[in-house]
J.: 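Got a structure here, written out as structure tokens. Questions coming.
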Amino acid sequence: MPVPCRRDCGKNAVLKRPKTGDALCKECFFWAFETEIHYTITKAQLFNKGDSVAIGASGGKDSTVLAYVLKTLNKRYNYGLNLLLLSIDEGITGYRDDSLETVKQNRDDYEMPLKILSYKDLYGWTMDEIVAQIGRKNNCTFCGVFRRQALDRGAAMLDVKCIATGHNADDIAETVLMNVLRGDIARLKRCTSISTGSEGTIPRVKPLKYTYEKEIVMYAHYKKLVYFSTECVFAPNAYRGHARALLKDMEKIRPSCIMDIIYSGETMSVKEQVSLPTQRICSRCKFVSSQEVCKACVLLEGLNKGLPKLGIGKSSKAKKMLEEYNSKQINNESELEVAVKDLNNVSDVTVDKSKGLCRNKKNTNKENDVDKCNKNNCCGGTCKSNAKNVDPAVSNKKLNMLLEQYGLEEQTTVNHPNNQDKEKVNGSHTPENSDDEEPAQNGDDEDDTCSSACGRLGSLQIGF
Amino acid sequence: MICKKCASPMAVILRKKDHYCENCFILSTNHKFRACIGKNKVLSPNENVLICLSGGVGSAVLLDLVHHGISLENNKKLRIVPHFIHLFDDNVPEVSDAILKKCQKYNFDIYFVHLSDYLNNNTQLPEVNQIVALKEDDKIKFTRLLNCMPSTAANDYLLKVKRHLFIKYAKQLNCSAIFTAETTNTLAINLLCNLAIGRGSQVQNDVGFCDVRDEKVKILRPMKDISKEELDYYVKIKKLVSITRTNVKSNSLQSAISSFVSDLQQNFQSTISTVCKTADKIGDYEEDKASGKCVICKSALFTKDMKLSALEATNISKTVSLGNMNFQQDLENNSELLNILENNSNNSMFPLINKYLCYGCSRNHSEMSKPELLQIG
Ligand SMILES: [Zn+2]
Ligand SMILES: [Zn+2]
Ligand SMILES: [Zn+2]
Ligand SMILES: [Zn+2]
Ligand SMILES: [Zn+2]
């Protein structure tokens, strides 16, 4: 029985909006979806006319939909924005190939300039080189820390006014829950703001802040947008895993809870007597940091001054130099050690906690028992959860489930052969990339996980 | 294994690592209870305190702790004048009987009040130790009210009903304070529930030690530092009787969160205390900035200045899903989009918000099949 579109447009509805439950036709859904984002952008004054805006592009669904919608709205409502795609390439042989291909496809489809910046461009080192230097033990620390800052560094190099990321409402609600579970009051306070960035830094904005992940997937599907989907193989830290499992359960019961949790975060205040770590700017690189010198700089210094052996002269002058060097060296090393230890602490707490609660994870795990990790990735093959292209059939199953639940159309177009070609993958649950796994804000403020490249928690993750 | 305090044989293991003998354990639980009241310095000597008993494990222990405290004759005596109340419905009549027996054992008088008394403006104290049902009329009305909400809203609403009744009878009995029996675990659940239903700004009053929303009567939670694990040992050692019944409707956010938290309890008791410590850091009650109080939960109506929040975003979702095609044309030809969207307020999800109701209560209201039963606005 055809259901008429709720907006009285005369057409039949093809879907029930996951967010509001209203039955809409395809065009009305597109319009509602886009108009909401337009409202968010204008009401929160995310951009100014003439701004250059870098879209953190990973090739995943969120950033793909973001790029498409921003392009559409920019034209429709005359934002006057200069949009460009910014992708980060960690320089792990073979790792980014597929997702960068997708981003290039976006570039062509949306006629937007694309800048791919490598770790080499940003830091002077590729992850492959870092692995060669540091060995396999701590490399995930590096890729985690570097990744957190990569978009900021990239945006600075491109001289843009702001960075737009694809964080959606589910990501933000999940982050609120996660920060409560791990007692992180500072991030709890910050994580719901739509725009972040302190004086002198490039702000990051989240135009999809109130957009449901399910609607993003459906929008991409009905618009036939091309995106790259990694199966949910990356292991979030245990707290995020728990938060995600809880949120999924709750969304089934009361879909509005995603908005309600965001509202809670937005209106919650922190007691005055609670002292929050202040965010400041790294004295070396000028990016956001919670310390005098940010972790990325500490790690870089260790890398750069690390190993060269000095010819030892016998003169007193040379001896003095050597002493100085040595003491400096010791400092660097201990600084480095402290930083690495510090980073691993987070994982220390979480290792082992993946058992029991994180139902979603368990399933993905099984798939990951087969070591998919590319020997050449940042983890040197020790990591279990390497992002990989997924069997499209598996992902289509997920989309089909979503369509079964919310689609009203008699026949969906998923299995149409042309379609399948175009949609590389349509996974519904895709914490795709740097911009996605980091619902926190700036530089230092992120999770200390290495989810982008290998999905491990530092070096201590024992496989979910 | 021996007690970590006195080297007697161990009887209790907390958090899988701390060993106590029975004696030291009971002492330490008493201490936690007293320390919680003491350090918060909210009670003056010989104050009338209304103590709310549900019949569950928490209230069995609370009753015992209070009894023990006021029976002391040294300088550690708990200097309060306790009054007891139990709110009941018709679902489980044996709970009321059990509570009555228990109170008689301790030689305490107790008042029984039916939940549907919420609809009754008359505030006459019932006779002590008498389980009298209310007018059928009110009961039917109250049941209809609860039944017209989905379970999440009903669970939430019931909490507000109980809070209202506690305060109403506290005033009747000249009590300036109320004790309720929430443990660490319950409060962790309540914190997550509060967040999940949009009550983030109300956490301090709903989850903290002290609810100060009423000017005359404070609601205190003196067992907030005691865990469920400790309660269970306490009940076992002291051979207390409790009737466990879950009064949370299933298939609700509250039931999902509470099974989530009991899963956590199995393996991560520390996460639960972390959650509670987080709760202690949330909130700063900005009473003076409030424009009024929610008629249901009595929370300050929130008027923090925000350009855009999930409230506006929710309204817009509704507006754009209902607007007709003309409306779309208007928007596309008109640069005054924001005004049009916002002035289309007959589509508002929450017609009573910030005038009569807070966000959380508005959400419940929006889900009621017969919102007129609330008789608001
Ligand atoms: Zn339509
Ligand atoms: Zn790694
Ligand atoms: Zn730096
Ligand atoms: Zn002992
Ligand atoms: Zn309210």
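Residue numbering restarts at 1 for every chain, and letters A, B, ... go by the order of the sequence lines.
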J.: Can you find a heavy atom in the side chain of A/Asp22 that is under 4.5 Å from one in the side chain of B/Lys318?
T.: yes
J.: Using a cut-off of under 4.5 Å for heavy-atom pairs, which of A/Asn78, A/Asp260, A/Thr20, A/Ile261 has the most such pairs with chain B?
T.: A/Asp260
J.: With respect to chain B, which residue among A/Ile258, A/Val180, A/Ile262, A/Leu188 yields the maximal number of heavy-atom pairs within a distance under 4.5 Å?
T.: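 Ranked by heavy-atom pairs under 4.5 Å with chain B, first place is A/Val180.
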J.: So how far is it from B/Thr278 OG1 to A/Leu181 CG, rounded to the nearest 0.5 Å?
T.: 8.5 Å
J.: Just verifying a value: how many Å separate B/Arg363 CZ and A/Ser256 OG, rounded to the nearest 0.5 Å?
T.: 3.5 Å
J.: Heavy-atom cut-off 4.5 Å, strictly under: side chain, backbone, both or neither for A/Leu177 against chain B?
T.: side chain
J.: Name the orientation class of the two ring planes belonging to A/Tyr263 and B/Tyr359 (parallel below 30°, tilted from 30 to 60°, perpendicular beyond 60°).
T.: parallel
J.: Do you know which of B/Cys276, B/Gly200, B/Ser151, B/Ala188 has the most heavy-atom pairs with chain A at a distance under 4.5 angstrom?
T.: B/Gly200
J.: To check you understand the geometry: which heavy-atom pair defines the closest contact between A/Arg17 and B/Ser321, and what is its length?
T.: NH1-OG, 2.8 Å
J.: Which bit of A/Leu24 comes within less than 4.5 Å of chain B, counting heavy atoms only: side chain, backbone, both or neither?
T.: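 The side chain, not the backbone.
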J.: If we define contacts as heavy-atom pairs under 4.5 Å, which of B/Pro150, B/Gly360, B/Ala313 has the most with chain A?
T.: B/Ala313
J.: List the atom of B/Leu308, the atom of A/Ala44, and the distance in Å for their closest heavy-atom pair.
T.: CD2-CB, 3.9 Å
J.: Kindly indicate whether the side chain of A/Val270, heavy atoms from C-beta on, has any atom under 4.5 Å from the side chain of B/Ile282.
T.: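 Result no, sub-4.5 Å side-chain heavy-atom pair not found.
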J.: By a 4.5 Å heavy-atom criterion (distance strictly below it), what part of B/Gln202 contacts chain A: side chain, backbone, both, or neither?
T.: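 Neither; nothing under 4.5 Å.
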J.: Return yes if some donor-acceptor pair links the side-chain N/O of A/Arg7 with the main-chain N/O of B/Val320 below 3.5 Å, else return no.
T.: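 Judged by distance alone, yes, a pair lies under 3.5 Å.
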J.: To the nearest 0.5 Å, tell me how far A/Lys43 NZ sits from B/Lys307 NZ.
T.: 10.0 Å
J.: For A/Lys214, look at atom NZ and say whether over 12 heavy atoms of other residues, nucleotides or ligands are found less than 6.0 Å away.
T.: yes
J.: Is any side-chain heavy atom of B/Leu195 less than 4.5 Å from a side-chain heavy atom of A/Met268?
T.: yes
J.: For a 4.5 angstrom cut-off between non-hydrogen side-chain atoms, does B/Thr319 reach A/Tyr39?
T.: no
J.: Is A/Leu247 in contact with chain B via its backbone, its side chain, both, or neither, using a 4.5 Å heavy-atom distance?
T.: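 A/Leu247 has no heavy atom closer than 4.5 Å to chain B.
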J.: Near B/Lys355 NZ, under 6.0 Å, is it more than 12 heavy atoms from other residues, nucleotides or ligands?
T.: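 No, not enclosed.
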J.: If you round to the nearest 0.5 Å, how far is CD1 of B/Ile316 from OG1 of A/Thr40?
T.: 8.5 Å
J.: What part of B/Ile272 is in contact with chain A, defined as an atom under 4.5 angstrom from a non-hydrogen atom: side chain, backbone, both or neither?
T.: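 Neither part.
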J.: Are any of the side-chain heavy atoms of B/Phe260 and A/Asp249 separated by less than 4.5 Å?
T.: no
J.: Hey, what do you get for OG (B/Ser309) to NZ (A/Lys209), rounding to the nearest 0.5 Å?
T.: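 Output value for this atom pair is 8.0 Å.
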J.: So how far is it from B/Thr271 OG1 to A/Tyr239 OH, rounded to the nearest 0.5 Å?
T.: 4.5 Å
J.: In terms of heavy-atom proximity below 4.5 Å to chain B, should A/Arg6 be classed as side chain, backbone, both, or neither?
T.: both
J.: May I ask you to test the A/Arg254-B/Ile197 pair for a side-chain heavy-atom distance under 4.5 Å?
T.: yes
J.: Hey, does A/Glu266 have a side-chain heavy atom less than 4.5 Å from the side chain of B/Leu311?
T.: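 No - every pair of side-chain heavy atoms lies 4.5 Å or more apart.
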J.: More than 12 foreign heavy atoms under 6.0 Å from NZ of B/Lys17: is that the case here?
T.: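 Above 12, so yes.
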J.: Taking C-beta and beyond as the side chain, do B/Ser317 and A/Lys19 meet within less than 4.5 Å on heavy atoms?
T.: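 Of all side-chain heavy-atom pairs linking A/Lys19 with B/Ser317, at least one is under 4.5 Å.
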J.: Nearest heavy-atom pair of B/Leu253 and A/Ile253: which atoms, and what distance?
T.: N-CG2, 3.9 Å
J.: Between B/Ala153 and chain A, which part of the residue has a heavy atom less than 4.5 Å away: side chain, backbone, both or neither?
T.: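 Contact with chain A: backbone and side chain both.
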J.: So, for B/Ala256 and A/Leu246, which heavy atoms are closest and what is the spacing to 0.1 Å?
T.: O-CD1, 4.3 Å
J.: How far apart are the C-alpha atoms of B/Thr274 and A/Arg182, what are their side-chain angles, what is the distance that settles it, and do they pass the side chain to side chain contact (heavy atoms under 4.5 Å, CB included) test?
T.: CA-CA 7 Å; B/Thr274 305; A/Arg182 65 179 183 189; 5.6 Å; no
